[in-house]
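Everything numeric here is computed off the predicted structure, so don't read it as measured data.
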Amino acid sequence: MSEYATGVTSARRPSGEAVKRRVVGLVTGALGAAIVVSLLVAVEWAVEIADYILPADLDQYGIVSHDVSGLTGILIAPFLHAGFAHLMANTVPLAILGFLAALRGLGRFFVASLIIVIVSGLGVWFLSPPGLTVGASGLVFGYFGYVVTRGLFDRHLLDIALGIGVAVLYYSLIWGVLPGQPGISWQGHLFGLIGGVLAAWTLRRRRRAAALR
């Protein structure tokens, strides 16, 4: 009986070593997230610079709606932009929201990104009028949806706090999912957001079954 009671007490009151491990884990996670998202942004800029320098138009490899050959653009379009102004508009929210999305684990971040890209791209391919679509805004809206809802599905206080903060700071993004602005793919925004919520639900952490009494 005494051993069982001691085990319960130690489980309820984390030792200093356990707290230290958690802090180190958070710092390590933040550093990893910063590196990965910095690389992502660097690739975005490298591709746009190459598109500017090279004689070939790389944007042609984006999503071509309703065209079977344009399906390959689903994985490529997030790295293509219609000029540096378009890229600059996406860079800051992509960096901030991407970092927050990657903060809780790089493995989950990569899977979430893939889900967002596919759902957003398919939404563009099916619902956009005939034409070409490029840009990382689907990822931006996806990371927004992922960060805001992740804590609700995981029931994790830190994620809930981050989600509330992101919702307050970036609530204006919601208007981007509505039709209205010519030349703006609201389909990519809407389905990016849906993809982010779907990723948060799919990657939620299952709680362990209660211990037998």
Side-chain angles (χ1 to χ4, degrees), residues 8 10-14 18-41 74-75 77-78 90 93-127 136-177 186-213:
V8 172
S10 60
R12 291 181 177 177
R13 297 181 182 178
V19 172
K20 181 179 178 180
R21 285 198 300 269
R22 290 180 184 178
V23 172
V24 170
L26 286 174
V27 173
T28 303
L31 180 59
I35 292 172
V36 168
V37 174
S38 295
L39 289 174
L40 172 62
V41 173
I74 289 176
L75 298 178
N90 281 332
L94 180 65
I96 294 174
L97 295 174
F99 171 77
L100 294 177
L103 194 58
R104 297 287 292 162
L106 295 181
R108 298 175 82 195
F109 172 72
F110 290 130
V111 176
S113 298
L114 183 61
I115 293 173
I116 292 167
V117 166
I118 291 175
V119 173
S120 175
L122 288 175
V124 169
W125 192 86
F126 277 108
L127 298 180
S137 56
L139 269 179
V140 170
F141 278 78
Y143 290 150
F144 172 79
Y146 179 70
V147 173
V148 168
T149 59
R150 177 178 56 190
L152 300 178
F153 293 127
D154 280 353
R155 299 180 184 179
H156 190 278
L157 291 179
L158 176 59
D159 288 334
I160 291 174
L162 286 175
I164 292 173
V166 167
V168 170
L169 292 174
Y170 285 96
Y171 71 92
S172 60
L173 282 177
I174 297 299
W175 301 112
V177 304
W186 63 268
Q187 297 91 343
H189 297 175
L190 174 61
F191 281 88
L193 182 65
I194 292 173
V197 175
L198 177 62
W201 181 82
T202 302
L203 299 172
R204 70 193 185 282
R205 298 187 188 278
R206 271 72 170 182
R207 291 184 173 272
R208 296 178 179 177
L212 296 177
R213 295 182 179 179

Asker: Taking all atoms of both residues into account, what is the closest heavy-atom pair of Ala34 and Ser38, and its distance?
Answerer: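 Shortest heavy-atom separation between Ala34 and Ser38 comes out as O-OG, 2.6 Å.
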Asker: Distance from Ile118 atom CD1 to Ile74 atom CD1, nearest 0.5 Å?
Answerer: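 The CD1 atom of Ile118 sits 7.5 Å away from the CD1 atom of Ile74.
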Asker: With a 4.5 Å cut-off on side-chain heavy atoms, are Leu31 and Val27 touching?
Answerer: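 Contact flag for Val27/Leu31 side chains = no.
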Asker: In sequence, state the C-alpha distance, the side-chain angles, and the governing distance for Tyr143 and Phe99, and then conclude on ring pair (Phe, Tyr, Trp, His ring centres under 6.0 Å).
Answerer: CA-CA 9 Å; Tyr143 290 150; Phe99 171 77; over 10 Å; no
Asker: Ala95 and Val41: which non-hydrogen atoms are nearest, and at how many Å?
Answerer: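 Looking at all heavy atoms of both residues, the shortest contact is CB-CG2, 4.2 Å.
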Asker: Check Leu139 against Leu94 and note the closest heavy-atom contact, atom names and distance.
Answerer: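 So the two residues come closest at CB-CD1, 4.1 Å.
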Asker: Output the distance between atom CZ (Arg104) and atom OH (Tyr146), rounded to the nearest 0.5 Å.
Answerer: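 Arg104 atom CZ to Tyr146 atom OH measures 9.5 Å (nearest 0.5 Å).
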Asker: Apply side-chain contact (heavy atoms from CB on, under 4.5 Å) to residues Phe191 and Leu127 and explain how you reach the verdict.
Answerer: CA-CA 10 Å; Phe191 281 88; Leu127 298 180; 3.3 Å; yes
Asker: Kindly give the heavy-atom pair with the smallest separation between Gly196 and Thr149, and that separation in Å.
Answerer: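 Looks like O-OG1, 4.4 Å.
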Asker: Once rounded to the nearest 0.5 Å, what's the spacing between atom CG of Leu97 and atom CG of Leu169?
Answerer: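 With rounding to 0.5 Å, CG (Leu97) is 9.5 Å from CG (Leu169).
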Asker: For Arg150 and Val147, indicate whether the former's side chain and the latter's backbone hold a donor-acceptor pair under 3.5 Å.
Answerer: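 Looks like no, no N/O pair under 3.5 Å.
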Asker: Could you give the distance from CG (Leu100) to CZ (Phe109), rounded to the nearest 0.5 Å?
Answerer: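 Result: 10.5 Å between the selected atoms.
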Asker: Closest approach of Leu75 and Leu114, non-hydrogen atoms and distance?
Answerer: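 Nearest pair, atom of Leu75 first, then Leu114: CD2-CD1, 4.3 Å.
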Asker: Please give me the minimum heavy-atom distance between Ile116 and Gly192, naming the atom from each residue.
Answerer: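 Residues Ile116 and Gly192, closest heavy atoms: CG2-O, 4.0 Å.
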Asker: Atom CG of Asn90 and atom CZ of Phe141: how far apart are they, to the nearest 0.5 Å?
Answerer: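 So the gap between those two atoms works out to 9.0 Å.
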Asker: Would you mind listing every side-chain hydrogen bond (donor to acceptor under 3.5 Å, both in side chains) that reaches into residues 116-127, with sequence neighbours excluded?
Answerer: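 Of all non-adjacent pairs touching residues 116-127, none passes side-chain hydrogen bond (donor to acceptor under 3.5 Å, both in side chains).
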